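As structure tokens, the structure follows; a few thoughts come after it.
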Amino acid sequence: MGEKLRILFMGTPDFACATLRALCESDTCVVGVVTQPDKPKGRGYTLMPPPVKVYAEEQGLPVYQPTTLKAGTEDGDAFAETLRELDPTLIVVVAYGKILPAYVLEYPSLGCVNVHGSLLPAYRGAAPMQRAIIDGCSETGITTMYMAAGLDTGDMLLKRVVPIGENDNFEDIHDRMAEVGAALLLETLEGLAAGTIVPQPQDDALATYAAKIEREDCLLDFSRPAREVHNRIRGLSPIPLSSAAMPNGKRVKIIASMVADEVTPHERVGEILSIDAVGEGRVEIACAVGSIYALRLLPEGKGRMTAADFIRGRRVEAGDIWG
RNA sequence: CGCGGGGUAGAGCAGUUCGGUAGCUCGUCGGGCUCAUAACCCGGAGGUCGUGAGGUUCAAAUCCCACCCCCGCAA
């Protein structure tokens, strides 16, 4: 890796931190970090810095948080100026959260490299990992690419497959992928420097999109097969979590589940078929075909608990209908 | 001051409306039954009811006041 590499890092959530850390620990020079502005989050709308900012500040890196990059706006023009001052030879983007305008994409002599959480051209877009799990994929992966104007359409550099176990949840995959992404980025930079990587254009005909997770994606539908319900639960766990309504009108989120049965058809979809408070416990819920065991749950207004604790709190009886 | 729920034995909860010295389901410890058991039976330990030697009262987990902490939603 060239000593003269001047890297500008752009990223926002936890997922991006692993790659930033890898860069910081390598012999490259990170000249600056661009991330989203602090946003009011949590109870009482406390202003919270994005994870990347927290890490970057720990490392003593200069942090920039423009509200927009668009040329012609106050922040955008200020950023353009910053860009010239930092004068990066390469920009690395990982889940930054904003579209990069042409002047940014064209600035670095070595281009803009993006780390994306899917095997492109599948699952372009905002939530590739969650969507892959929800869709029941048995594998996904990381793709590094040069950035182009379109949404995740650039020429691909390196790919690395990551298997998805049938009970892996979003957190499992996220953490694994963050590490793989970090490692693959370093390999990509080495490969580019050595000239051993041949950029490959994506076949747009095979492209699929992973839309960001909306509220509606988090509603469980027991009129689906058990496997599908289970995939949705784990794809959205531990955040934002998927939920169902109980007879009392309150909602329960299901944190962890497993498929109990995949063949038996059920008329009363969402019915609690059985409850078992032994050990960690389990609550069996009927799906259109088959059933699932809810293993850990989160009642509205409460904290996370095991199925056994949930049952002891008298929150469920066999025969209840959830939906 | 974004909205709402809550702090009672190791865990999850009830009791607070109509104040009267604490209960349920588990866990735990001991014993019994059983070929055996996460099943069943008997018995026990374990709680200053978030904090304030606050207020009201003959009496507060229950009413009033202040503070601390936790959680869900929404972003």
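Quick caveat, the model's predicted, so the values are computed rather than measured. Values below: all heavy atoms of this structure, side chains included; hydrogens, waters and symmetry mates excluded. Residue numbering restarts at 1 for every chain, and letters A, B, ... go by the order of the sequence lines.
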In whole Å, what separates the C1' atom of B:C26 from that of B:A45? 16 Å

Heavy-atom count check: over 12 atoms from other residues, nucleotides or ligands less than 6.0 Å from A:Lys98 NZ? yes

Between the protein and nucleotides 26-28 of chain B, are there any N/O to N/O pairs under 3.5 Å, and if so, what are the atom names and distances?
{"unit_1": "B:C26", "atom_1": "O2'", "unit_2": "A:Arg312", "atom_2": "NE", "d": "2.9"}
{"unit_1": "B:C26", "atom_1": "O2'", "unit_2": "A:Arg312", "atom_2": "NH2", "d": "2.6"}

Should we count CD of A:Glu25 as having more than 12 external heavy atoms under 6.0 Å? yes

Categorize A:Arg43 for me: base, sugar-phosphate, or nothing, with a 4.0 angstrom heavy-atom threshold over every strand shown. base

Could you identify the nucleotide paired to B:C73, looking across every strand shown and requiring Watson-Crick or G-U wobble geometry with both distances under 3.5 Å? B:G2

Find the distance A:Arg304:CZ to B:C73:C1' and express it as a whole number of Å. 14 Å

Test side-chain hydrogen bond (donor to acceptor under 3.5 Å, both in side chains), reference A:Ser243, set A:Lys250, A:Lys253, A:Arg251, output is A:Arg251

Can you spot which of A:Ile142, A:Thr143, A:Val92, A:Leu157 makes a side chain to side chain contact (heavy atoms under 4.5 Å, CB included) with A:Thr188? A:Leu157

Take atom C1' in B:C67 and the same atom in B:G43, then report the distance between them in whole Å. 43 Å

Taking a pair to mean Watson-Crick or G-U wobble geometry with both distances below 3.5 Å, B:C13 pairs with B:G23

B:A14 and B:A22, which share atom name C1', separated by this distance in whole Å: 11 Å

Given atom CG of A:Leu297 and atom C1' of B:C71, what is their separation to the nearest angstrom? 16 Å

A:Ile99 atom CD1: more than 12 heavy-atom contacts under 6.0 Å: no

Any strand, both distances under 3.5 Å, Watson-Crick or G-U wobble: B:U34 pairs with none

Given the C1' atoms of B:U21 and B:C49, what is the spacing between them in whole Å? 12 Å

Identify whether any heavy atom of A:Gly279 sits under 4.0 Å from a base atom; if not, whether one sits that close to sugar-phosphate; answer base, sugar-phosphate or nothing. nothing

Phosphate OP1/OP2 of B:G12 contacted by A:Arg314 side-chain N/O (<4.0 Å): no

Of the options B:G12, B:G72, B:G2, whose atoms approach the side-chain atoms of A:Lys253 most closely? B:G72

Check this for me: A:Glu280, atom CD, are more than 12 non-hydrogen atoms of other residues, nucleotides or ligands nearer than 6.0 Å? no

Under 3.5 Å, which N/O atoms of the protein pair with N/O atoms of nucleotides 7-9 of chain B?
none

Testing the 3.5 Å rule here: is there a donor-acceptor pair between the side chains of A:Arg232 and A:Ser242? no

Hey, are the side chains of A:Met10 and A:Leu100 touching, using non-hydrogen atoms and a 4.5 Å cut-off? yes

Could you give the distance separating B:G27 and B:G47 at their C1' atoms, to the nearest angstrom? 16 Å

Interatomic distance at C1', B:C68 relative to B:G31, whole Å: 45 Å

Identify every side-chain donor-acceptor pair in residues 284-295 of chain A under 3.5 Å, counting partners at least two apart or on other chains, and give the distances.
{"unit_1": "A:Glu284", "atom_1": "OE1", "unit_2": "A:Ser274", "atom_2": "OG", "d": "2.9"}
{"unit_1": "A:Glu284", "atom_1": "OE2", "unit_2": "A:Ser291", "atom_2": "OG", "d": "2.8"}
{"unit_1": "A:Tyr293", "atom_1": "OH", "unit_2": "A:Arg282", "atom_2": "NH2", "d": "3.4"}

Measure from the side-chain heavy atoms of A:Lys41 and tell me the nearest of B:A75, B:A38, B:A11. B:A75

Euclidean distance, atom CG of residue A:Asp309 to atom P of B:C24 [Å, nearest integer]: 18 Å

Value in whole Å for how far the C1' atom of B:U25 lies from CD1 of A:Ile275: 11 Å

Could you work out the separation of B:C41 and B:A11 based on their P atoms and round it to a whole Å? 25 Å

Measure the distance from CD on A:Gln36 to C1' on B:A75 and round it to the nearest whole Å. 14 Å

For the pair A:His230 and A:Asn167, evaluate side chain to side chain contact (heavy atoms under 4.5 Å, CB included) and give the outcome as yes or no after the intermediate values. CA-CA 8 Å; A:His230 175 245; A:Asn167 290 315; 3.0 Å; yes

Starting at CE of A:Met305 and ending at P of B:G72, how long is that distance when rounded to a whole Å? 11 Å

Hey, are A:Asp320 and A:Arg315 close enough for a salt bridge, meaning a charged N less than 4.0 Å from a carboxylate O? no

Across every strand shown, the nucleotide meeting Watson-Crick or G-U wobble geometry with B:A53 (both distances under 3.5 Å) is none

When you compare B:C71 with B:C13, how far apart are their C1' atoms, in angstrom units rounded to a whole number? 16 Å

Specify the separation, in whole Å, of atom CD of A:Glu300 and atom P of B:C3. 17 Å

Any strand, both distances under 3.5 Å, Watson-Crick or G-U wobble: B:U48 pairs with none

Given that A:Pro299 and A:Arg315 both sit by RNA chain B, which one's nearest nucleotide is further toward the 5' end? A:Arg315

NZ of A:Lys39 versus C1' of B:G2: gap in Å, rounded? 18 Å

